[in-house]
Amino acid sequence: MRYIQQGLITALRKKGISSGSVLRAMAAVPRHLFVSEALRYHAYDDISLPIGHGQTISKPSVIAHMVQALELTGDEWVLEIGTGSGYQAAIIAELAGSLVTMERIEELLNRARSVLLRLGYGGIRFVHSDDFTHVKGSFDAVIVSAGADIMPVALFDKVAPGGRLIIPVGKQSSHRIKKFIKKQSGDIIEEDIGEATFVPYIIGETA
Ligand code: SAH
């Protein structure tokens, strides 16, 4: 597996992932353990894979690109919306101080929790909810891994001054990945950091 995983890291470098810490995190997390046995063979290809319940684990290059944009240095408080398989949570846990991850589908959350605990990621808080207002406090970095057709503006309240938010926004077939930076003054700066297709961000339908 190591050898194939190294191939993925080479592919990520070619696709513009330049952060050494992000590349190390991508090399450290065994993606094959976050997908079903039948799909393990493809775990280190740069493709999205089904994880059940109509959801997918994103392409490694998309995850690396989004996580790189969070600019984590090791001590940040991070909120992830859309735990899915838990793979991206593991990458973030490698790079941040603390992580709260939220998922609307309980079975996916439970499966992610058990894989992450087995791998030794002990400090993650798991929340079964589709409503980020249920999570108290604000975070240095917020990442949404489902595509929102309309930007949920209340999410800016979850971002601490000086923090950033990464969220895919747009129509179902293609989303723009947006990066919002909340300045100390509270002003918001918006950047467009790329395009990808995501499963939909859904509110009002927990399972
Ligand atoms: N980062 C994940 C990708 C998961 S796909 C991984 O590495 O596997 C996106 C996930 O977002 C899906 O599991 C979906 O159920 C979840 N989701 C969609 N809308 C949500 C919401 N409002 N709150 C929490 N989770 C949500």
Side-chain angles (χ1 to χ4, degrees), residues 8 12 22 25-26 28-36 39-40 42-70 72 78-96 99-116 118-119 121 124-136 139 141-158 165-170 172 174-175 177 196-207:
L8 173 63
L12 293 177
V22 171
M26 298 295 293
V29 177
R31 191 172 185 247
H32 65 280
L33 299 182
F34 293 86
V35 296
S36 68
L39 296 171
R40 280 189 186 167
H42 292 292
Y44 297 100
D45 294 346
D46 192 23
I47 53 174
S48 59
L49 293 169
I51 54 171
H53 298 268
Q55 307 304 315
T56 54
I57 176 172
S58 303
K59 275 165 82 153
S61 59
V62 170
I63 290 181
H65 187 54
M66 290 171 73
V67 171
Q68 181 169 264
L70 290 177
L72 301 172
V78 183
L79 172 65
E80 178 193 46
I81 301 179
T83 315
S85 68
Y87 173 69
Q88 181 177 268
I91 302 287
I92 295 168
E94 290 281 338
L95 295 164
L99 171 63
V100 177
T101 184
M102 280 180 59
E103 171 56 57
R104 70 177 186 90
I105 301 172
E106 195 168 20
E107 199 183 288
L108 289 180
L109 188 71
N110 289 341
R111 207 197 297 155
R113 182 195 283 118
S114 90
V115 177
L116 288 163
R118 200 158 8 107
L119 286 172
Y121 295 101
I124 302 173
R125 211 181 115 214
F126 297 87
V127 179
H128 175 225
S129 175
D130 63 352
D131 182 353
F132 54 78
T133 64
H134 290 169
V135 178
K136 286 207 183 76
F139 296 81
V142 177
I143 182 165
V144 182
S145 46
D149 52 356
I150 297 165
M151 175 66 203
V153 283
L155 199 46
F156 291 129
D157 297 341
K158 291 281 123 204
L165 161 66
I166 308 292
I167 180 169
V169 184
Q172 271 204 18
S174 101
H175 299 100
I177 306 171
T197 301
F198 293 81
V199 295
Y201 175 79
I202 295 172
I203 313 178
E205 284 178 50
T206 47

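Order of listing sets the numbers, starting from 1, for every ligand and every atom in it.
Between the side chain of Asp130 and the backbone N or O of Arg104 there is no donor-acceptor pair closer than 3.5 Å.
Residues meeting the side-chain hydrogen bond (donor to acceptor under 3.5 Å, both in side chains) test with Ser114, sequence neighbours left out: none. Every side-chain contact (heavy atoms from CB on, under 4.5 Å) that Val169 has, sequence neighbours left out, goes to Met151, Ile167, Lys178.
Residue Glu94 comes nearest to Tyr121 through the heavy atom pair OE2-OH, 2.6 Å, listed as atom of the first residue, atom of the second, then distance.
For the side-chain contact (heavy atoms from CB on, under 4.5 Å) with Val144, the lone residue among Ile177, Leu79, Leu155 that qualifies is Leu155.
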Ligand 1 N/O to protein N/O, distances under 3.5 Å:
residue, atom, partner, partner atom, Å
ligand 1, 1 (N), Gly82, O, 3.4
ligand 1, 1 (N), Ser145, OG, 3.2
ligand 1, 7 (O), Gln88, N, 3.1
ligand 1, 8 (O), Ser85, N, 3.0
ligand 1, 8 (O), Ser85, OG, 2.6
ligand 1, 13 (O), Glu103, OE1, 2.7
ligand 1, 13 (O), Glu103, OE2, 3.3
ligand 1, 15 (O), Glu103, OE2, 2.6
ligand 1, 19 (N), Ile202, N, 3.0
ligand 1, 22 (N), Asp130, O, 3.2
ligand 1, 22 (N), Ile202, O, 2.8
ligand 1, 25 (N), Arg104, N, 3.4

Identify all side-chain donor-acceptor contacts of residues 197-207 below 3.5 Å with residues at least two apart in sequence or on another chain.
residue, atom, partner, partner atom, Å
Thr197, OG1, Ser173, O, 2.7

